[in-house]
Amino acid sequence: MTVMQFDPFVIPFNIGLNFILIYCIVRCIIWFRDLSRADKLRLQRGFFGYAFGQSLKEIFLESLIHRKILKTNFRLGYMHMSLAFGWFLLIFFGTLETDIFGTKHLNAPYKAIFFKFFNPTLGRTGFEHAYSFLMDLILAFILSGLLLAIIKRFSSRIVGMKKTTKLKLRDRIALTSLWLIFPSRLLAESFTSGTYGTGSFLTGTLGSWFASFLPTHQLAYPFWCLYSLSLGTFFILLPITRYMHIPTELFLIFMRNSGIRTGDKSGSYSEVQTFTCSSCGICIDKCQLNFSAGITNVQSAYFMKAIRSNDDVFNIAHNCLMCGRCDQACPVGIELMPIRMIQRREGDDDKDMRSIWKGFLRNRQNPLPVKTPELPSFGYLPERKFRKADVLYFAGCMTHLTPGIKNSMQKIFRASGENYYFIDEDGGVCCGRPLMLAGQDREARELINFNSEIIWKSGAHTLVTSCPICYKIFNESYHLGVEVLHHSQYIKRLIDEGTVRLKYSHMKVVYHNPCELGRGSGIYDEPVSVLAHVANLQKTEYDGKNSLCCGGSLANLKLESHERAKIAKDTVSELTKCKPDILATACPLCKKTLANATDTKVSDIAEIVAGEISEIQKKKSRISILNIKELADISWSE
Amino acid sequence: MEKFGFSISKGRQINYDSNDRRVAEFIIENEPSFRLCIACGCCSASCTAGSFTRFSLRELNILISRGENDLPRNDLKKCMLCGKCTLVCPRGVNTRNVVFLAKQAFRKFDSYAI
Amino acid sequence: MEAAGRLAKSGFHVTLLEKETSAGGHLNDWYKLFPDRRDSSEVKRYLDDLMSSEQINFLTSTTIEKIESKGSSYSLMTNNGENLNADSIIVATGFDLFKSSRKEEYGYGIYDNVITSADLEGMFRKGKIVLHDNTTPKIIGIVHCVGSRDEKVGNLYCSKLCCVTAVKQAIEIREHLPESKVFCFYMDMRMGGAYYEELYREAQEKWGVNFIRGKVSEASENIDGKLIVKVEDTLAGRPLKMEIDLLILMAGMEISEGSKKLAEISGLNTGENRFFEAIDNHYGSNISNLPGVFYAGTCTAPMNITETISHARAAVSEVQDYLKNGKS
Amino acid sequence: MNIEGKKVIWKDYQKEIADDRFYYVRSCVRQNFFPGSETAFLRIMRDVLGKDVYEHPCHTTCTGIGYHGDIVPVETTMTVVARQFSLMNEAGYENLLPSCITSFGLYTEILDTWHHFPEVEEKIRKQLKKATGREFTVPKNLAHASDVIYKFRKEIAAKAKYKLINKNTGEPLRVVDHIGCHYAKMFPSKGVGGAEYPYVLAGMVEEWGGQVIDYPERRHCCGFGFRQYLVQANRGFSIACSKEKFESMQPFKPDMIITNCPGCPMFLDRWQYVINEIEGKRYGKNGEGIPVFTYEEVAGLVLGYDPWDLGLQMHQTDCEPVLEKMGIEYSPEDKFNLYADKKSELHNSFVKA
């Protein structure tokens, strides 16, 4: 019998496939070109080095198996896996199939995709039959996932998701074409099988059943056309839909494994990341603005989409607590927080990026407009006052609104007998983090310089701060060459050294982990161990990385007070489920916000510890105070 | 005018009708809580910047809403956005966003950046 | 009316003297009441129901010409020659609104578009807020403390209700004229009453009413008949001048003419604020200097409706007590 | 604008103004600002109305300028004023008739003070006695010269040769009346029509055929305000005040301004020139300026006196436009030629003097 080599119906598919291949290559080249020189090198090394294997492994686990999603949400994971991995298998074994059973080796891709059409009679003998059984199995696997996907679209609950992302028109078209691909293949194959009495448990049975009452011979062709057409459409639309994440993710994985990071300016990497977002919607579930405050249009998935389609993201960018819960949860590992910060820094005046075409083929001629240089904002700041000391204490603006923490820390310092200097005792200068969070780095830098000078001149070796917001910026952006500690770390150290002895109170304590301290700065253990040392610390499901935001976050400029209150209320009710005596935290802002939302006593770690300093300790400390005073008088200098 | 040794003094009167209230309207549109200010002065009292220089958000709010933009335009730069004012405001005015929007508005409406 | 009704209920024979042709006083000219903005007629209906008792002899357009103490009772001579005997008297002669024309600088009665809070209520009743030339006002100013807290007109006291009335009316104006802008010129916002402050907040938040701290010093008309008001924006520390289409004066409360006359003929004491003076501000606010004569409501001080009604009830209990034991 | 409302107020503010036998005291500054005015006043009072008006040669300043300029202490002022009273008693008059608004205000203020604080009056009596050996009794009636003209406005109208009417269009002249601050702002009850809507000048204008215009800044001070003007560094405020008024009245297209105070006509007149010099801003119809008159000058014009006899050539802002409108016959060439052989009585009286 004669085997056809070509048929016009494959043209849509061919066009689509070629288009998408060329597009991806071009895109990757552009992205590569836009990388900084250092990153280019990184990528090259990464590609031809050890990282390569890493990447392949990751691609297999994440892009195909979708391990992370499976972990967080099985059904959602299975859906993604069946589609991605299933399709991969289909193509893989399809190609093999053509290679084995085809007339010659190395066939054009369409041969593999439409194998059944070109080899309708195949599949009668044992091995052939087994093989087509395998192919049917894979197809069934995909279809099961597809079924889930369709259900998810109409009721996302079933897939275990609370929210599902909203779609643009072009997404809908792409989605339908995607949905059509496999059913049309199923039918096409079934009809063909029906006509020739081939096919396995799926296509075969379905085929013969159709054949019993349908003119399968005539019906087969249109469905092969449909199959090819939907594939074509899908490929063509890919670049302007969220499905672009499929090819982009591969590139991202290589970049990441080569050690490229987002940084603080927009560039290829952040762009690749935005295109890698598959809008799976896990971030939406994690977002407290969504489930507490009922704000449902600012979550990262939407944010990424907005950036992709070049909408004005200014307000979205600022309507975020920056708690990092989504960042933590993103299965693709997109650095969501840094990307938001980039958008905040870019401000509201990068108008030339707004046009859609400039967006997709970013125009390199006119990049971001250069901001007009501004006069220094804080010229009014007074002559820097400082004092020689070993340890510096920086309470921070917020701590000045919670004197309890401030006083407790001073008590602890006295107890420790260290020669410390309270930098902002009579009202200091802001650390600069709030400005930075508002994307105003230049202004922030002025404050950083101001504070740095005081710290350097004091010649101290350690800087202790009570406010995680301050801690983060001192730690990351000051480059002081001085050890920066949050007071929870400092207290931990004093305890370990035995400098302060503490009584143990049997009070039930629950710890609320401040975002800036935990996810923000990776400090999880010290506060916990300090609390465990002085009180009966309770476990909650929100310990560690999974902690909630109090709602007070300075990072969000747009949140109304009543919305903040809602978040605080929910957080508190979650944390106080075990009816603790004290709700402990390590941040003045968290303390203030939570205290307004509950009757449970809210205390800062410092306050709890200060309350447990034993009497003997106090005596010792009095002596040491004198020492400090003397030291002070001597070592006071300009 | 030299020949007289004096000139015509400018009045201090706020002329509400001829003043440019676009900044105020922009803020109100994007941050309605701006309206809720009762000028209690908590913001100014707790202000970090205010402890170093003449800077009163209370005053700026009033001036902006009257369309007296000259002082706010330059004074707003003194704000450190530290957020104490937001925490102490008895009326729940989102003061940080007010400052943020005001700066944005001046960028938007002024020929030169603030 | 409250007092009369209550007394009648508890079986006394009551004669109610009303100088107007119908009872209710100022309640009749008010449209909606603060803070819940219910229709004044509802309260009026409640009072009318109280009056339905046949124990009450209701004489309208009647005033008292002469009062004589006959030992334990009083004889009253009315303007239409009647002679009434009473064991006890409740004085509920109420208040008059401050005559805004006395604040000449606001030009009430001279500038066509300067009106009083009472005039505005009238407009609400008609459901039509228009300027003198029947056009719709765009910018509306409300002046607080007209005739209150003002030594120049001899009223040192605060009339207490004008602030909340102003806020209520500001909201109602915005309801009627969504396109309009409303400015309240106040010295202090005195919202001391249940849900008053909340109303103030609503006015700012929901209705975008503008509040400028400073009392209008003078109003004048420009060439196109718009009003020019001068005020110091005391929060900005700068004088402010603006064009306004309609200026509403929050007239304060003063002791009514009737009360003054009554004070002369009866020898009842009046205080420095010219209102009737009770023997004790804390526990005797209904008791006058004449045995058997008691006060009810705004003839003793500015009060809102709630307070007036409670005060009337208190007066009733004083009367009952007096007639049972106190009489001697 | 509801004129009826104003009439109600005007009714409330009527004052008692003596009918005859006036003791006239001149103003310190008017005689060199607008010398024609006081002369014209006397002419009208004596020749037209046939009143007995007496002037005392020993009359001195009332120190009002010094007092309001924070230079002369109040007791000194009172003693000086007490002496004026004493002079009046000496001359056998009891109706005090000051030509100056500030004097009028000051006398009113002092009489009111003495009324409330008799002990002060006693003290002053002693001081005057000590200083000059003089006694005094307070005047029976105190009225400002403009009050008297207001009182006899109808008589003047009856004898009027011209009216405040534009004879070309037949429309009444649009007149801005500006009242000196010290006239009624301190004691509204002592001014005809009170302080908010003064009627003293408005009454004359209406009576003589003109139309008074009410403009937003009508209450505003002309800008003299002693302190403001006397110190050169403060003159910016003075001129700013006048400017405020001009800007506010300009839209009403006034033909002229009438005043009853020594300072106001001076400053409203001269500042128009200075404003033009500084800012190049001109007021009035096609920048010809808004002529400013004293009420005596207006009365004089109405009665048909020669403009130059009235001293209108002393105005910095030319008043010819008004003369034209009123249809007054005058010889432009004689404007600055006072001693031309003119046979006007006033001229002769000058020569006699």
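All figures in this text were calculated on a predicted structure; none of them were measured in a lab. Order of the sequence lines fixes the chain letters, A, B, ..., with proteins taken first and strands second; residue numbering starts at 1 for each chain.
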Would you call M80(B) and S377(A) a side-chain contact if the rule is heavy atoms closer than 4.5 Å? no
Separation of L554(A) CG from C82(B) SG (nearest 0.5 Å): 8.0 Å
With chain B as the partner, which of K592(A), H400(A), Q440(A) has the greatest number of non-hydrogen pairs under 4.5 Å? Q440(A)
Nearest 0.5 Å, please: how far is CG in L435(A) from SG in C79(B)? 7.0 Å
Between L559(A), L381(A), L401(A), N556(A), which has the largest tally of heavy atom pairs under 4.5 Å with chain B? L401(A)
Chain B contact via L447(A) - which portion, at a heavy-atom distance below 4.5 Å: side chain
Determine, step by step, whether N97(B) and H318(A) satisfy the side-chain contact (heavy atoms from CB on, under 4.5 Å) criterion, reporting the C-alpha distance in whole Å, the side-chain angles of both residues, the deciding distance to 0.1 Å, and the verdict. CA-CA 10 Å; N97(B) 197 28; H318(A) 282 281; over 6 Å; no
Taking the ring of F100(B) and the ring of F314(A), is the distance between their centroids below 6.0 Å? yes
Using a cut-off of under 4.5 Å for heavy-atom pairs, which of G552(A), G428(A), G396(A) has the most such pairs with chain B? G428(A)
One should read off an interatomic distance between L87(B) CG and C397(A) SG, to the nearest 0.5 angstrom, of 10.5 Å
Under 3.5 Å, is there a donor-acceptor pair between the side chain of N94(B) and the main chain of S561(A)? no
Can you tell me if Y380(A) uses its side chain to pair, donor with acceptor, with the backbone of F52(B) under 3.5 Å? no
Among T53(B), N30(B), T48(B), which residue forms the greatest number of heavy-atom pairs with chain A at distances under 4.5 Å? T53(B)
Using non-hydrogen atoms only, which part of V88(B) is less than 4.5 Å away from chain A: side chain, backbone, both, or neither? side chain
Heavy-atom closest pair (P434(A) atom, L81(B) atom, distance to 0.1 Å) is CB-O, 3.2 Å
Looking at E31(B), K78(B), K108(B), which has the largest count of heavy-atom pairs under 4.5 Å with chain A? K78(B)
